[in-house]
Protein chains: 4
Amino acid sequence: MSATRKPQPACDQHPVISRTGPRRSESVRLAVLHAADDLLVERGFAALTIEGIAQRAGVAKQTIYRWWKSKVDILLDTLTDDAREALEWRTGQGSPEDDLTDHLQRVADFFAEPAGQVMQALLGHAQLDKETAASLRGGFLREQRERDIAGLGALLTRALAPATVDDRLVDHLVDLLLGPLYYRVLVFGKPIDKELVNTTARLVLTLAHEFTSTEPEA
Amino acid sequence: MSATRKPQPACDQHPVISRTGPRRSESVRLAVLHAADDLLVERGFAALTIEGIAQRAGVAKQTIYRWWKSKVDILLDTLTDDAREALEWRTGQGSPEDDLTDHLQRVADFFAEPAGQVMQALLGHAQLDKETAASLRGGFLREQRERDIAGLGALLTRALAPATVDDRLVDHLVDLLLGPLYYRVLVFGKPIDKELVNTTARLVLTLAHEFTSTEPEA
Amino acid sequence: MSATRKPQPACDQHPVISRTGPRRSESVRLAVLHAADDLLVERGFAALTIEGIAQRAGVAKQTIYRWWKSKVDILLDTLTDDAREALEWRTGQGSPEDDLTDHLQRVADFFAEPAGQVMQALLGHAQLDKETAASLRGGFLREQRERDIAGLGALLTRALAPATVDDRLVDHLVDLLLGPLYYRVLVFGKPIDKELVNTTARLVLTLAHEFTSTEPEA
Amino acid sequence: MSATRKPQPACDQHPVISRTGPRRSESVRLAVLHAADDLLVERGFAALTIEGIAQRAGVAKQTIYRWWKSKVDILLDTLTDDAREALEWRTGQGSPEDDLTDHLQRVADFFAEPAGQVMQALLGHAQLDKETAASLRGGFLREQRERDIAGLGALLTRALAPATVDDRLVDHLVDLLLGPLYYRVLVFGKPIDKELVNTTARLVLTLAHEFTSTEPEA
DNA sequence: AGGTAATCGAGACGGTACGTCGCGTCTTCAG
DNA sequence: CTGAAGACGCGACGTACCGTCTCGATTACCT
């Protein structure tokens, strides 16, 4: 759904015969993304309209419709740029437990940033609209899930005997690790306190130990 | 925000001297709630309009606006009626572990029911609109949280030495218990598999044991 | 259409066995008429609503609908009471010419009074609504026309040789006499200046003389 | 108030540098005017709604509101186009008396035409609404009055000694000439019979003779 | 250098739903 | 039975954005 930048969209019908005329203006693209971002943070998703974005960005409506399908598509575009690095795993800084705690804390902080609000809005809208859900889950969320599995997997490999870390286990542990944080944010809208971060991190490590030592799971 | 039924709204200044004239029609109220519920399930939140509800319910738009502030307000009304019992704790049926697993399974099933879809839509909209968030969290979600704490507390009291169950511990455990389920549903939109239910239930009991036996956490 | 007061309307089904319960409250009737009158003068016809009248008069809407068919019907009621005497012919005060001038002047003044504004509004609405037109023309205007013919006829009888005054002539002369005044008011909305009053009065007398002396009309 | 066509409205600040983008669609304008005209004649002023016009014209409501302030404004627009020529003075065809009679007859016929019904409705509404009154009287009626004065003046100049025709006299005579016709139509809603036309025409000429021969009135 | 083909601003246009107003009917209760 | 209060179905109001479209002006590439 989202129109990404680097890999130009598939609308180049004949890539051999490069076409004449001006190319897509990068400044316009950024103006739209920033306008959308600002308006979302300032006035909320409901007040975010294509006409409003166009006016704020000093751009014609048609120009927006040329490159994005909807306001959701614009937000998906901003998310791809901004959220990936904020949710990156930076392991190997200290002990596995410290690393895990640090990462969770960064996830917790992320929701307070603009990019976090964009994601919160998109997650919200995904509950209301199947197309948004498909775009978000088929794109960013799927990739992020992969990064989370890889990140947690690497960390556990470091903490435990490597051979015992199997993928299905890590997959489950990701749910147990991130679930409580998202629950706090999405359901209760409360900031995530340090205690929850610490408890969850320690819990998952404990559990990983237990699972790998006994392995009673079907 | 929501117009509740049994406890009449605060506009009765003097319940003794009730005013003259016709009273609010209960049949109209139900027609609206059912129409909203049906349309949400059939066509989704985006296609849910006040005009659509009015037409489906065979009711005038003005009548809806007289009693509800918005379509969100209508959904909040349906939630209060329907979701409470679906998320009730019915403990004392078997072993603590079985009881907990049963309850989680009912929570998991709940999201597939109409009332669950209403709640999912409301949680989604709460990410987009502060007023919805305030209404939902200040009303249903707060009460449900209390019921969850009471329910899990009672269950743990049965499972462990009663004196050791303190409220703050239970509060945390509720997050760890329900977080992964909501995460699955809200973020990935996937049905909750039995494995996650079992793992989570067992995990929380394990954790409760650990916390109460070793140290009560700072 | 208009509910008149003295000759009770035809809704008394059995005039012999007089019915039980309270009779129509005259105070309610007057409150409604005055409220309608006041609102018309203060805010204009467009802002004159049944609900507004009811509120102003401290009366329930149903009470109004019980006795009048529409807001036009209310205005017709006020007109009957007030306009008749304002447009009465009071001849025999002086010379025929003076009498005629005086009468025209009173007609001119009438439009500035509340009752005149009611009539102006009704004449306006009669252009827009056939039912209003029928009620107004079949009732008040027809009667007023008769009074005008009688009045002018009597005056001309005094001024000319009695035998020569025939009804068809007077009928025409009424148009020529009042037409210019109504034209000024209804079409141009201007106050009627004394010059027009004098000219018209004199003109009609001149014309009457001419017609009766030569009588060339078919 | 009325959006006129030929003399483009004053919103062109610099007619040389005309703005970019699509221009006002003339076909839309005509569709709206015709729809309004038709509906007025078919169903009357009360049943004439913006929504009805929009539907009949196959046009969006917003498009109507973009160019006209109200349904009255639309009717004013149709009037400007249609009524002017119907009420034109075409003198010099025959004797002054014949010319005058012919003109009055055309005025009489005018009220039966669609354009005449539009004008009747506007005159009616002008009694009920000050803004309508101001627009109508400040625009069409003022111009028509000028044309009437010019037309009657030219005719009298032909009929009498030119030097004796002064403007104030003609101004009065216009009232005396047209007043009775409008009185018949607006107050009694009756068609204008030939007799009234002939009488009025002859009367005004007689009067003009008298005024110019004897004294020019204070 | 000119032609060609795209982008871009502006905004008119047919729509849908909004939230409000007043209509005329109806129901309830007090006197 | 009257009358105040007001809920109800209804229709139109005037507004906000939607997504599509038509303009003219402005580039950038390609003969």
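What you see below is based on every heavy atom in this structure, not just the backbone, and it leaves out hydrogens, waters and symmetry mates. Protein chains get the first letters and strands the later ones, always in sequence-line order, with residue 1 at the start of each.
- Once rounded to the nearest 0.5 Å, the distance linking NZ of D/Lys61 with CD of D/Glu51 reads 4.0 Å.
- Cation-pi geometry between A/Arg24 and A/Trp67 is met: the NZ or CZ atom falls under 6.0 Å from the ring centre, inside 45° of the normal.
- In this structure, D/Thr63 contributes its side chain and D/Val59 its backbone to no donor-acceptor pair below 3.5 Å.
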Practice task
For the pair A/Leu128 and B/His125, evaluate side-chain contact (heavy atoms from CB on, under 4.5 Å) and give the outcome as yes or no after the intermediate values.
Solution key: CA-CA 7 Å; A/Leu128 309 177; B/His125 200 255; 4.1 Å; yes
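- Distance, A/Ile53 CD1 to F/dC18 P: 8 Å, rounded to whole Å.
- One can place OH of A/Tyr65 at 17 Å from P of E/dG11, the figure rounded to the nearest angstrom.
- Atoms CD1 (D/Ile74) and P (F/dG14) sit 10 Å apart, rounded to a whole Å.
- The distance from atom CD of C/Gln55 to atom P of E/dC23 is 12 Å, rounded to the nearest whole Å.
- One atom, NZ of B/Lys69, and another, C1' of E/dC18, lie 16 Å apart when rounded to the nearest Å.
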Completion exercise
Per-nucleotide protein contact along nucleotides 5-10 of chain F, 5' to 3', at a 4.0 Å heavy-atom cut-off (B base, S sugar-phosphate only, - neither), is BBBBBB
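- Interatomic distance, CZ of A/Phe45 versus CG of A/Leu39, reported as 12.5 Å (0.5 Å rounding).
- Across the protein-nucleic acid pair, A/Trp68 atom CH2 and E/dT7 atom P stand 13 Å apart, rounded to whole Å.
- Using a 4.0 Å cutoff on non-hydrogen atoms, the parts of residues 31-49 of chain A near DNA chain F are A/Thr49, ordered by number.
- Atom CD1 in A/Ile64 sits about 15 Å away from atom C1' in F/dT20, given to the nearest Å.
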Exercise for the section: With side-chain contact (heavy atoms from CB on, under 4.5 Å) as the test, would you mind laying out the steps for D/Val72 and D/Asp129 before giving the verdict? Expected result: CA-CA 10 Å; D/Val72 167; D/Asp129 178 71; 5.9 Å; no
Exercise for the section: Could you please spell out the steps behind the side-chain contact (heavy atoms from CB on, under 4.5 Å) verdict for A/Glu42 and A/Arg56? Expected result: CA-CA 12 Å; A/Glu42 282 174 27; A/Arg56 173 88 157 224; 2.7 Å; yes
Handout entry: Verdict with reasoning, A/Ser135 to A/Leu76, per side-chain contact (heavy atoms from CB on, under 4.5 Å)
Key = CA-CA 8 Å; A/Ser135 300; A/Leu76 283 169; 3.7 Å; yes
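- Per the geometry, CD belonging to C/Glu131 stands 11 Å off P belonging to E/dG24, to the nearest Å.
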Practice task
Given salt bridge (Lys or Arg N to Asp or Glu O under 4.0 Å), test D/Asp77 with D/Arg29 step by step and report yes or no.
Solution key: CA-CA 10 Å; D/Asp77 222 350; D/Arg29 181 178 170 273; 3.7 Å; yes
